[in-house]
Number of protein chains: 2
Amino acid sequence: MKQRLAAIGTVEALPHRVAAFLSREIDSGELNPGTRLPTEQQLSEKFGVSRNVVREAIAQLRADGMIEARQGVGAFVLAPEQRASIRIDGEALKDTENMERLFELRCILEAESAALAAERRGQEHLDAIKAALDRMSGEERWEEGSIDADLLFHREIARATGNSYIHTFISFVCEQIRRSIHYARLTNPLHDLVDVNVGEHVRIYEALVAGDPKAAEAAMRAHIIGAAERVGVKLPAARAKHTGKGK
Amino acid sequence: MKQRLAAIGTVEALPHRVAAFLSREIDSGELNPGTRLPTEQQLSEKFGVSRNVVREAIAQLRADGMIEARQGVGAFVLAPEQRASIRIDGEALKDTENMERLFELRCILEAESAALAAERRGQEHLDAIKAALDRMSGEERWEEGSIDADLLFHREIARATGNSYIHTFISFVCEQIRRSIHYARLTNPLHDLVDVNVGEHVRIYEALVAGDPKAAEAAMRAHIIGAAERVGVKLPAARAKHTGKGK
DNA sequence: CTTGATTCAGTTGTAGGATGATATGTATCA
DNA sequence: TGATACATATCATCCTACAACTGAATCAAG
């Protein structure tokens, strides 16, 4: 009883299709956490593909932390909370709702990180941050380049916290946002989405130099809220908090 | 000229090892974006594994968006900005005893999330949080069980923010901490690392019920700082902030 | 009946070859 | 010169076989 895999216009490879199918079944709850998947043999028959293809699909799901395979036993669906890795697919970023959530998360992470960085930054951190700032405000306002510099600026601040987890997480979120913007420009090239407000960055940098955590946090918060607005995302009840100084 | 793959204590599967090896080469810049990888044949000879193994490794890297394979041509290293998805692997983060950093990140995420949750929580969220709270303070203080309930409590709060990214990130961080504790107990079984302070949790819950963001944030911050201390982690300059009320 | 070791079937992990599909370069020819 | 056909290289898929491991059934000994 072969099952037709969605053969859409996409020329996606077979393993990807199989993985997507299983992934949907898991997300939709048809395959509850803890249940065992059919054997590779059965899956290969069900989908009408070779066992190799099934294996690659399962390897992918396993890398995503959705399932766990035990030799000699089988493959089991994992609960979301026990997944060992986070993965956000590019597909999931194409609507503004997600952008909103991403910016919200970014605001939380970066605001406090800026405060930490203000306390802990060393001279080499300040130098690196300054370099990114210069690149950003530099001669040419080449779009991609200035966005790169912008992200570098934020990553360097995260690095200055001395906490590698924070650095990793912020890099991750920033990269997601960059991709979203990149994609948005492709679909709507007229709209200039470049968001490089040098003034806001300078304020952050000055607070870091001064070693003032509260000022750094406030400046970063204001900056991210502003950045969100400039790309058309309104942070819902952005918890103005002590952002009273807002823009 | 076979190349020894790092055969560490871990019994990781071969595809994972190959993928990790290539991944490091890419991240370290030895393989620049645009570069073509050796053919599957060459890689299988180089590592002394079958092509199937190489294929699964490449499939994994491709799923992570690090490389792109074109049929009939080869596999190419992608630049970070053209990656279609990004992943944070738990394995890559647990190199040392960085509980400190984990707790610091957790503090940042959860404190603000608690504030958001206080504003947005619905009745069903409160019910779920209450249920976890009851399980925690319930009859039996079975270690694993109460830890599960503890984590559930925190995850439910994250869910109440309505931001799936926040939920994902906090779940991830909590899971990492749980594993670290689990591992620590294995190596040091004498030390009782169970950390379930019901009182602190109750205070958080009450703030959520009251819909008071500031109180929720303060309570959560105090709780996580306390939790860190109870497992022997001193948050360095935990940025007491408005946590003046701390224990 | 209980207990323990052994065997056996089932499943994933790995190996290696064969064939199809696709892109690229090369040689031939008008 | 330009276009076409061919040859080659590579990935994609399929196939079979075996190794490693697990869990349960079987069976013998007490």
Side-chain angles (χ1 to χ4, degrees), chain A residues 2-22 26 31 34-78 84, chain B residues 1-22 26 31 34-78 84 91:
Chain A
K2 280 192 186 178
Q3 178 140 5
R4 288 300 294 162
L5 284 171
I8 329 178
T10 60
V11 278
E12 289 287 1
L14 263 57
H16 185 85
R17 280 194 237 166
V18 174
F21 188 93
L22 293 175
I26 291 175
L31 291 173
T35 58
R36 213 198 72 179
L37 265 67
T39 69
E40 296 175 351
Q41 190 81 23
Q42 291 171 325
L43 287 175
S44 75
E45 288 171 8
K46 177 179 178 184
F47 293 123
V49 299
S50 79
R51 203 181 135 215
N52 264 343
V53 172
V54 172
R55 278 194 61 78
E56 282 194 25
I58 288 182
Q60 185 174 326
L61 294 177
R62 201 171 44 160
D64 289 351
M66 299 184 70
I67 70 175
E68 176 194 34
R70 294 211 298 270
Q71 182 168 339
V73 184
F76 298 85
V77 179
L78 288 179
Chain B
M1 70 105 160
K2 278 192 185 180
Q3 179 140 7
R4 287 299 297 160
L5 283 172
I8 331 177
T10 59
V11 275
E12 289 285 2
L14 282 134
H16 187 84
R17 280 195 236 166
V18 174
F21 187 93
L22 293 175
I26 293 174
L31 291 173
T35 313
R36 214 200 71 183
L37 266 66
T39 69
E40 296 175 352
Q41 187 74 251
Q42 291 170 323
L43 286 176
S44 75
E45 289 171 7
K46 177 180 178 185
F47 294 124
V49 299
S50 78
R51 283 204 312 283
N52 272 336
V53 171
V54 173
R55 277 195 63 76
E56 283 195 22
I58 288 182
Q60 185 174 325
L61 294 177
R62 205 170 43 159
D64 290 349
M66 299 186 70
I67 68 174
E68 176 195 35
R70 293 213 300 271
Q71 183 167 327
V73 185
F76 298 85
V77 178
L78 287 179
E91 300 301 317

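Throughout, protein chains are lettered first and strands after them, A, B, ... in sequence-line order, and every chain is numbered starting at 1.
Note on R70(A): only backbone sugar-phosphate atoms sit closer than 4.0 angstrom, heavy atoms only; bases stay farther off.
Between I67(B) atom CD1 and dT10(D) atom P the separation is 15 Å, expressed in whole Å. In this entry the distance linking CZ of F47(A) with C1' of dC14(D) reads 17 Å, nearest Å. Look at CG on L43(A): it is 14 Å from P on dC14(D), rounded to the nearest Å. Residue R51(B) contributes atom CZ, which lies 15 Å from atom P of dC14(D) at whole-angstrom precision. Put simply, CD on E40(A) is 15 Å from C1' on dT16(D), counting in whole angstrom units. Following rounding to the nearest Å, R36(A) (CZ) and dA24(D) (C1') show an atom-to-atom distance of 14 Å. In this structure, the CZ atom of R55(B) is 18 Å from the P atom of dT19(C), given to the nearest Å. Between Q41(A) atom CD and dG13(C) atom P the separation is 14 Å, expressed in whole Å.
Using a 4.5 Å heavy-atom threshold, the side chains of L43(B) and V54(B) count as touching.
Between E56(A) and V73(A), the residue anchored closer to the 5' end of DNA chain D is E56(A), taking for each the nucleotide with the nearest heavy atom.
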Next on the checklist: Before you tell me yes or no, could you show the steps for I58(A) and E40(A) under side-chain contact (heavy atoms from CB on, under 4.5 Å), namely the whole-Å CA-CA distance, both residues' side-chain angles and the distance that decides it to 0.1 Å?
Outcome noted: CA-CA 9 Å; I58(A) 288 182; E40(A) 296 175 351; 4.1 Å; yes

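Paired with L61(A) under the rule side-chain contact (heavy atoms from CB on, under 4.5 Å), one option of V77(A), I67(A), L78(A) passes, and it is I67(A).
Panel note: side chain Q42(A), backbone T39(A); a donor-acceptor pair is recorded below 3.5 Å.
Between the side chain of N52(B) and the base of dG16(C), at least one donor-acceptor pair of N or O atoms lies under 3.5 Å. With hydrogens and angles left out, the side chain of Q71(A) and the base of dA20(D) share a donor-acceptor pair within 3.5 Å.
Under 4.0 angstrom from either OP1 or OP2 of dG13(C) there lies at least one side-chain N or O belonging to R62(A). Side-chain nitrogen and oxygen atoms of S50(B) include none within less than 4.0 Å of the OP1 or OP2 phosphate oxygen of dT14(C).
At a threshold of 4.0 Å, the pair E68(A)-R62(A) does not count as salt-bridged, since none of the basic side-chain nitrogens sits closer than that to a carboxylate oxygen.
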